[in-house]
Amino acid sequence: MSNSTISDLRFVPIFQLSDQELQERLAPTYEKIKQEAFAKNTYLTYYDPSVCPTNLYKVHEYSDRKELVRLDEHGKAHFVENL
């Protein structure tokens, strides 16, 4: 006999999780990666559809700020604005 709990989510394939469940599963890993990057005085780069007008734009997240950047055809980031 087994009880279905939130901890049982680790046994569910990620493709079967809701957006919220996937976020909850990835949160500890994301926080660890974020803290490691910030400790090295570097940043995280990601696409956020709420602020990036196209997939040519990315967010650079630093420990103290976020910047919207545009990637050129060579993959070089160009500052657009502070978020």
Single-linkage hydrophobic cluster, 4.5 Å side-chain cutoff, V59 and Y62 together: no
Straight-line distance of C52 SG to R70 CZ, nearest 0.5 Å: 13.0 Å
Value rounded to 0.5 Å, distance of NZ in K58 from OH in Y46: 12.5 Å
Rounded distance (nearest 0.5 Å) linking atom CG of L17 with atom CD of E24: 9.5 Å
Hphob cluster co-occupancy, Y43 + I33, side-chain heavy atoms under 4.5 angstrom: no
Basic-acidic side-chain contact under 4.0 Å: K34, E36: no
Nearest-0.5 Å distance that lies between atom CG in L26 and atom CD1 in I14: 7.5 Å
Over 12 non-hydrogen atoms of neighbours within 6.0 angstrom of CG in D72: yes
Results of side-chain hydrogen bond (donor to acceptor under 3.5 Å, both in side chains) for H74 - residues two or more places apart only: none
Minimum side-chain heavy-atom gap D64-F38 below 4.5 Å: no
Rounded distance [0.5 Å steps], OH in Y57 versus CG in L68: 7.0 Å
E31 side-chain N/O to P28 backbone N/O, donor-acceptor pair under 3.5 Å: no
Gap separating the CD atom of E81 from the CD atom of E67, nearest 0.5 angstrom: 10.5 Å
Same apolar cluster (I L V M F W Y, side chains within < 4.5 Å links), V51/L56: yes
Non-hydrogen atoms of N55 and Y47 that approach each other most closely: CA-CE1, 3.8 Å
